Amino acid sequence: MKILVINAGSSSLKYQLLDMETESVLAKGLCDRIGIEGSMLKHKKAGCDEVVIMKNMPSHTEAIAMVLDALVNAEYGVVSSMEEIGAVGHRMVHSGEDFNCSVLVNDEVMAICKNNTELAPLHQPANILGVEACRAVMPGVPMALVFDTAFHSTMPEKAYLYGIPYEAYKDYKVRRYGFHGASHMFVSQEAAKFLGKDVKDLKIVTCHLGNGSSITAVDGGKSVDTSMGFTPLEGVPMGTRSGDLDPAVLEYLMGKYNMNISEMLNYLNKKSGMAGVSGVSSDFRDLCAAAEAGNERAKLALDVFSYRVKKYVGAYAAAMDGLDVLVFTAGVGENTVEVREAVAGELTFFGVELDRELNANGVRGIIREISTPASKVRVLIVPTNEELVIARETLALL
Ligand code: AMP
């Protein structure tokens, strides 16, 4: 079966068409500037050059229609008709407490998703627009939703409750939800497969380190704790997000800088993290280059990041009372040697022995081990693939 995977943002829409027999990507692309002047579709058939098509896309409906046109195009398409697309898998940010796994789309499910937009006001409405546009253009094609939060629904109360009055949870659903669920699920399962073990027998800490970062404790295949919380602002400092912070800082700095609360949240979401600490960039490639060239604040930002990631690894080993596997994934986790070295290089107390040669060298883009044979904890780099998880989940639901 061929499955179309859609990840809709407010003005962009990413897609991939996968052949599930081989789990290979037939074509992928991006609709950019939806609803804005100068909208365009960038489409790439596997093994061919990218084509760019400039066309007005006033809404997500036109965007999806353009994607389908591109997929059946005689020159750069990959299917002869739309009927070849057996199902569509959509990324949806928030399941609230209503879904603990992926679900097939129907009116009732969509009504619940709309009800949860308050929990993810920036992303959920765009995800919903993507689903609705697809349902309009592809009536009768089965569709599934894969949530960022659902994998973490197994967290126990003691892990997801904040230390604030219980009524905030009961009345307003204020609790920790966690994000990047599809990625944490995927890499923990791939790690177990790679090691020839059943994920049910393993205690794994998965470090999804990218522009946004989160760490998850996966015990027996289930998420038991994760570093992001009510929103993706909690946890380790990220590209531009602060991560964990004493909430009293907000009032103090709002006074000093004369900011209102939305300016403060913008400061914490967009101006903090690596960009804020370093004053150089949010991008780890830039930070590593600047640190190498002697920039002290870039070096400091990398130290702050790696130290906080390491603290979460330690905390989650304690939470699970053990650690069998440490996994690095996403842009930074897969590519930034210095961060892996700083996080895993001095964790010998936990039985982690990093092989520095393997960490620094090796083929990118494939799963590989970077711990020594003597290491009690196996350390792996596992490339994440959120589109593949969405497609697999969709297929499983069918
Ligand atoms: P992500 O959000 O997973 O796409 O990760 C983006 C982050 O990964 C950026 O800070 C990049 O600088 C970092 N990164 C480091 N090396 C690479 C690389 N070779 N390719 C892509 N991203 C990289």
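Note that this is a predicted model, so its numbers are computed, not measured. Both ligands and their constituent atoms are indexed starting at 1 by order of listing.
- Taking any N or O of Gly212, backbone or side chain, none lies under 3.5 Å from an N or O belonging to ligand 1.
- Summarising the geometry, atom OG1 belonging to Thr149 is positioned 9.5 Å from atom CG belonging to Asp98; distances are rounded to the nearest 0.5 Å.
- Taking the ring axis of Tyr160 as reference, the NZ or CZ atom of Arg175 stays within 45° of it and closer than 6.0 Å to the ring centre.
- Nearest to atom 6 (C) of ligand 1 among the protein's heavy atoms is Asn211 N, 3.7 Å.
- Between Lys193 and Glu190, at least one side-chain N (NZ, or NE/NH1/NH2) sits under 4.0 Å from a carboxylate O, which counts as a salt bridge.
- In terms of protein heavy-atom proximity, atom 14 (N) of ligand 1 is nearest to Gly331 O, 3.6 Å.
- A salt bridge between Lys203 and Asp324 is absent, with no side-chain N of the basic residue lying under 4.0 Å from a carboxylate O of the acidic one.
- When only non-hydrogen protein atoms are considered, atom 7 (C) of ligand 1 lies nearest to Val332 CG2, 3.7 Å.
- We find the CG-CZ distance between Asn335 and Arg340 to be 7.5 Å, quoted to the nearest 0.5 Å.
- On a distance-only criterion, Ala330 and ligand 1 share no N/O pair closer than 3.5 Å.
- The nearest protein atom to atom 16 (N) of ligand 1, hydrogens excluded, is given as Asn335 CB, 3.2 Å; this is a heavy-atom distance.
- Annotation for ligand 1: atoms under 4.0 Å from non-hydrogen atoms of Gly210 are 1 (P), 2 (O), 3 (O), 5 (O).
- Ion pair Glu341/Arg356 flagged as a salt bridge, since at least one NZ, NE, NH1 or NH2 atom sits closer than 4.0 Å to an Asp/Glu carboxylate oxygen.
- Heavy atoms of Thr336 found under 4.0 angstrom from ligand 1 belong exclusively to the side chain.
- One finds no salt bridge joining Asp303 and Arg308 here, because no Lys/Arg side-chain nitrogen approaches an Asp/Glu carboxylate oxygen to under 4.0 Å.
- Backbone and side-chain nitrogen or oxygen atoms of Asp283 are examined, and one is located within less than 3.5 angstrom of a nitrogen or oxygen of ligand 1.
- Using a 4.0 Å heavy-atom cutoff, Arg364 is listed among the residues neighbouring ligand 1.
- In this structure, CD1 on Ile34 lies 5.0 Å from CG on Leu13, to the nearest 0.5 angstrom.
- Under the 4.0 Å distance rule, the nearest protein heavy atom to atom 4 (O) of ligand 1 falls outside the cut-off.
- Looking only at protein heavy atoms, the nearest one to atom 21 (C) of ligand 1 is Arg285 NH1, 3.6 Å.
- Distance check, rounded to the nearest 0.5 Å: CG of Leu30 to NZ of Lys44 gives 14.0 Å.
- Annotation: atom 10 (O) of ligand 1 to nearest protein heavy atom, Phe284 N, 3.0 Å.
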